[in-house]
Amino acid sequence: MKEIKAFNQSGSSFSRFQNAVENYRRYVLDWYKSSWPMMSAYYVLLGATTVSVLPLGLWLSASGSLELSVLILFLLISLGFAAPLVKLSEFADGIVLVAGAEQNIHAVLSEPEMTAPKAVDSPQNNDIVFHQVDFSYGEKQVLFKASFTAEAGKSVAIVGSSGGGKSTIAKLMCRFWDVDSGSITLGGVDIRELAPDVLMSRISFVFQDTFLFNMSLEDNIRVGNPDATFDEVVEAAKKARCHAFILKTNQGYQTIAGSAGSRLSGGERQRICIARAILKNAPILLLDEATASIDPDSEGEIQGALGELVKGKTLIVIAHRIRTIMRFDKIMVVDKGHITSSGTHAELLEKSPAYKNLYSAYAKTENWQLGRSGAESC
């Protein structure tokens, strides 16, 4: 509704809706008119079973070819089988819907299961290594022979154009899917050979698309560590810079977040998710545009909090804002599923045209101002 009102489309939008309703009404009436003769005959014949059975049965009984007991049996059956057939016709639409739902459920249940680890291996460290990784969403391949190493305790940034495969790389580290070919290892162990709880205990993930459960803000933060005390929850909230706005809500930490966090703004939801990751305190931290919906003042505070959090940890960040990753130990440039180059900020400015273009575009947007000529052209 807000888009319709903002662009003054109320009249045309209602007109299209009214036309759609009228067209559907005409379609349904035409369909019923074509079906009425057959439907009427169907219901009349079903309801007239006794009328058709009784005369024929009496004639057969009078001629001696049908016993009276058999005639009575058929009369009783004729009274009983019509109602189920009528119900069956009424449920015909529902049967079609059930059949479609059954196909969808079967498609999900027929998906191949991820392989379970044959042995419980323990990673020797927190190095993450991609080796010649190919990955596809269905028939669309999004990663091609991706290879890199994220060393334990180092910071790695992944940059590139939208749709290039940056988020896919991060999600593959968590084994949300298995690679088509190649391998991903954590501490020298293929993640396909790691028990899920072992893998997840090593990684904290802050998604670009934040999601909060319809429960209290305290419980939403405690998702990161179900055994955490209330004081630890508050400490994580303070580090994520969400303690202040939580206290301003009606019930503080007991305030219900709403469906998918609908009672909070985008920036507030994102800070709650960062608090989760802080509370989990895993040795590997993945941030997928974690500060995308946060205002500049809060972003500066959170960058400082994350700076304290990631000391001694493996940090992997997917970012569009170059200034947030300029001091990282390694920056990887991803383009159309290929890792085209990697290095420090200074090295990439020298050897990577793609990174230089990203940095130039970033510098222009940072220094852009709305001047008089720009205002006139608008």
Side-chain angles (χ1 to χ4, degrees), residues 126-135 141-173 182 184 205-208 270 274 284-371 374:
N126 295 312
D127 290 346
I128 297 177
V129 179
F130 272 56
H131 178 69
Q132 298 291 300
V133 170
D134 288 331
F135 180 73
Q141 187 167 354
V142 293
L143 287 182
F144 302 85
K145 305 300 179 186
S147 297
F148 69 90
T149 299
E151 298 180 12
K154 300 293 185 179
S155 55
V156 178
I158 305 174
V159 300
S161 58
S162 297
K166 304 186 298 298
S167 294
T168 299
I169 290 175
K171 291 174 182 177
L172 287 175
M173 294 179 192
I184 305 172
F205 201 135
V206 180
F207 296 93
Q208 181 178 6
Q270 210 153 32
I274 292 173
I284 301 171
L285 182 61
L286 300 180
L287 304 179
D288 186 0
E289 285 294 324
T291 58
S293 299
I294 297 176
D295 58 86
D297 292 338
S298 298
E299 181 183 6
E301 293 180 349
I302 291 176
Q303 291 291 347
L306 292 175
E308 293 295 324
L309 172 67
V310 302
K311 287 183 178 179
K313 301 182 188 298
T314 305
L315 174 64
I316 301 172
V317 173
I318 298 169
H320 288 105
R321 300 176 184 177
I322 301 297
R323 66 182 171 85
T324 62
I325 49 94
M326 289 171 58
R327 299 182 182 276
F328 274 44
D329 298 311
K330 180 189 289 187
I331 301 172
M332 298 189 305
V333 182
V334 180
D335 183 31
K336 297 179 180 179
H338 299 271
I339 299 177
T340 57
S341 55
S342 64
T344 63
H345 172 69
E347 292 171 346
L348 290 175
L349 286 178
E350 292 291 331
K351 68 179 183 180
S352 173
Y355 183 80
K356 190 173 182 179
N357 290 336
L358 287 173
Y359 181 72
S360 298
Y362 155 75
K364 289 179 181 179
T365 57
E366 286 288 295
N367 298 323
W368 182 85
Q369 292 182 349
L370 181 63

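- The two residues Thr314 and Ala152 come nearest to each other via the heavy atoms OG1-CA, 3.1 Å.
- We find the CD1-CE distance between Ile331 and Met326 to be 8.0 Å, quoted to the nearest 0.5 Å.
- Counting heavy atoms from C-beta outward, Leu172 and Leu143 have side chains that approach closer than 4.5 Å.
- Side chains of Phe328 and Val156 form no contact here, defined as non-hydrogen atoms less than 4.5 Å apart.
- Atom CD1 of Ile158 and atom OG1 of Thr168 lie 10.0 Å apart (nearest 0.5 Å).
- Put simply, the side chain of Asp134 gets close to the backbone of Lys145: a donor and an acceptor are under 3.5 Å apart.
- If you take NZ on Lys171 and CZ on Phe135, they are separated by 10.0 Å, rounding to the nearest 0.5 Å.
- The CG atom of Leu285 sits 12.0 Å away from the CG atom of Asn126 when rounded to the nearest 0.5 Å.
- Between Ile318 and Ala170 the shortest heavy-atom distance is CD1-CB, 3.6 Å.
- Note that CD1 of Ile128 is 15.0 Å distant from NZ of Lys154, once rounded to the nearest 0.5 Å.
- Listed for the Ser155 side chain is a donor-acceptor partner under 3.5 Å among the backbone atoms of Asp329.
- The aromatic rings of His345 and Tyr359 sit perpendicular, their planes meeting at an angle over 60°, well past the 30° parallel limit.
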Under 3.5 Å, sequence neighbours excluded: what are the donor-acceptor pairs made by side chains of residues 334-342?
{"unit_1": "Thr340", "atom_1": "OG1", "unit_2": "Val333", "atom_2": "O", "d": "3.3"}
{"unit_1": "Ser341", "atom_1": "OG", "unit_2": "Ser352", "atom_2": "OG", "d": "3.0"}

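- Judged by distance alone, the side chain of Lys330 and the main-chain N or O of Thr149 form a donor-acceptor pair under 3.5 Å.
- The shortest heavy-atom contact between Ile316 and Ala150 is CD1-CB, 4.0 Å.
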